[in-house]
Amino acid sequence: MAFPRPRPARPELPRRRVRTVECGQGAVRAVRFNVDGNYCLTCGSDKSLKLWNPHKGTALRTYQGHGYEVLDAAGSFDNSQLCSCGADKTVALWDVATGQVVRKYRGHAGKVNCVQFNEEATIIVSGSIDSTIRCWDCRSRRPDPVQVLDEAKDGVSSVKVSDHEILSGSVDGRVRRYDLRAGQLYSDYIGSPITSVCFSKDGQCTLAASLDSTLRLLDKETGELLGEYTGHRSTAYRLDCVLSEQDTHVGCASEDGNVYFWDLVEGSLALSLAVGRSVVQSLSFHPTLPCLLAATEGHIQLWREETFQPDGDTTT
């Protein structure tokens with residue numbers, strides 16, 4: 001006799017600030033969970049990149065090598081390598097264990113806003129203010145990119161990579177999706193400069209944040225507008241948008257010092273987190289838990305669900 005499966009628990013949202021970590025690297029330009037959510041990277045305006053265990057508030061390593069402020073970073077699937085980019089127009093590949101730069105990629109004509117590994121960490125994809133996306137081979141000694149995607153008419157603010165796609169958002173107001181298997185480019189016009197894009201976990205939708213203080217959920221295949229979410233303020237800064245770990249809520253940073261979450265289906269505002277007094281620079285949602293990292297000024301904050309019980313001191 002087959003027993004019915006237990007009803008899945010209702011998805012929770014991170015409502016409690018459980019830790020604040022002073023990063024000591026100037027303004028934190030970006031915070032990013034690693035692939036399993038146990039560690040995170042912070043990008044500093046003091047040219048440094050730091051690796052943390054945010055759940056304990058411990059700094060594990062500092063990576064020095066950029067010539068100007070670091071703007072984005074990502075970890076490889078096996079946690080052995082990092083990639084980062086910055087206002088010095090370069091993309092760097094790092095060895096996590098030694099803290100050394102393995103390769104520096106030069107080719108962008110302006111500051112590099114965003115960087116991602118592909119799934120196997122053999123290619124780094126970077127997007128720049130020079131309006132190109134460049135793909136760099138991590139295993140080759142060649143200094144030039146293996147591919148340049150130059151369809152954007154203005155700076156590229158955000159890139160995400162799936163197993164066979166590159167998703168990008170540009171200041172020209174378009175979300176572009178490059179299907180690498182089919183060799184196709186799909187473009188959706190939003191109209192306002194785009195600050196951040198991301199895929200939903202099920203791969204069916206894309207989420208885009210833009211400078212008209214609106215988040216938009218699009219059907220990936222058709223480009224149909226599935227939802228619009230408003231209430232935050234985004235008019236000048238490159239702010240991150242996120243989806244919760246179960247795709248139940250969409251979230252966005254705001255220039256008023258809060259982070260807002262909306263119900264994905266209903267479009268109603270579900271939660272507002274008071275992070276600080278100034279702009280929330282960056283967000284990262286944990287891959288499997290209701291857990292959020294938010295960066296504002298020189299520190300990061302870890303937020304968890306209401307029922308979470310933290311260990312030890314919560315200010316570092």
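Of the possible polar contacts, none joining the Ser126 side chain to the Val115 backbone as a donor-acceptor pair under 3.5 Å is found. Under the 3.5 Å distance criterion, the side-chain polar atoms of Tyr229 are matched with a main-chain donor or acceptor of Leu264. With hydrogens and angles disregarded, a donor-acceptor distance shorter than 3.5 Å links the side chain of Asp240 to the backbone of Leu283. The closest donor-acceptor contact from the side chain of Lys111 to the backbone of Ile129 lies at 3.5 Å or more, if one exists at all. Within the 3.5 Å criterion, the main-chain N or O of Leu218 finds no donor-acceptor partner in the side chain of Asp188. Not a single donor-acceptor pair under 3.5 Å links the side chain of Thr90 to the backbone N or O of Lys104. A donor-acceptor contact shorter than 3.5 Å links the side chain of Gln25 to the backbone of Ser48. Checking side-chain atoms of Arg17 against main-chain N and O of Ala274 turns up a donor-acceptor pair under 3.5 Å. With hydrogens and angles ignored, the 3.5 Å screen pairs no side-chain donor or acceptor of Arg139 with any backbone N or O of Thr122. No donor-acceptor pair closer than 3.5 Å links the side chain of Thr132 to the backbone N or O of Leu149.
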Exercise for the section: List the steps and the verdict of salt bridge (Lys or Arg N to Asp or Glu O under 4.0 Å) for Asp172 and Arg176. Expected result: CA-CA 11 Å; Asp172 68 9; Arg176 291 177 176 84; 2.8 Å; yes
Handout entry: Test log, rule side chain to side chain contact (heavy atoms under 4.5 Å, CB included), inputs Tyr260 and Leu215
Key = CA-CA 11 Å; Tyr260 294 89; Leu215 269 181; over 6 Å; no
Problem - side chain to side chain donor-acceptor pair (under 3.5 Å) assessment of Thr235 paired with Glu255 - result: CA-CA 8 Å; Thr235 57; Glu255 290 164 13; 3.0 Å; yes
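Interatomic distance, NZ of Lys50 versus CD1 of Ile300, reported as 10.5 Å (0.5 Å rounding). Expressed to the nearest 0.5 Å, how far CD of Glu221 lies from OG1 of Thr206 amounts to 10.0 Å. Note: Tyr63 OH to Gln100 CD = 10.5 Å, rounded to the nearest 0.5 Å. Taken to the nearest 0.5 Å, the CG atom of Asn258 stands 4.0 Å off from the OG atom of Ser272. How far OH of Tyr237 is from OG1 of Thr195: 13.5 Å, rounded to the nearest 0.5 Å. Leu217 contributes atom CG, which lies 5.0 Å from atom CG of Leu226 (distance to the nearest 0.5 angstrom).
Salt bridge Asp179/Arg181: absent, no basic N to carboxylate O contact under 4.0 Å. A salt bridge links Asp212 with Arg216: at least one charged nitrogen is closer than 4.0 Å to a carboxylate oxygen. A salt bridge links Glu165 with Lys220: the closest approach of a Lys/Arg side-chain nitrogen to an acidic carboxylate oxygen falls below 4.0 angstrom. A salt bridge links Arg29 with Glu69: the distance from a Lys NZ or Arg NE/NH1/NH2 to an Asp or Glu carboxylate oxygen falls below 4.0 Å.
Side-chain contact of Asp154 with Ser170: a donor-acceptor pair under 3.5 Å is absent, judged by distance alone. Ser282 and Arg32 share a side-chain donor-acceptor pair at under 3.5 Å.
At most 12 non-hydrogen atoms from other residues, nucleotides or ligands lie less than 6.0 angstrom from NZ of Lys89.
Ring orientation note: the planes of His286 and Phe33 are nearly perpendicular, at an angle over 60° on the 30°/60° scale. Ring geometry, His66 versus Trp94: the interplanar angle falls from 30° to 60°, so the pair is classed tilted. Aromatic ring orientation, Trp262 versus His232: perpendicular (interplanar angle above 60°, classes split at 30° and 60°).
Of the candidates Thr42, Thr62, Asp72, Leu82, Leu82 is the only one forming a side-chain contact (heavy atoms from CB on, under 4.5 Å) with Leu49.
Remark: Asp95 engages no residue in a salt bridge (Lys or Arg N to Asp or Glu O under 4.0 Å) (not counting sequence neighbours).
Val91 is connected to Val102 through a chain of hydrophobic side-chain contacts under 4.5 Å among Ile, Leu, Val, Met, Phe, Trp and Tyr, so both are in one cluster.
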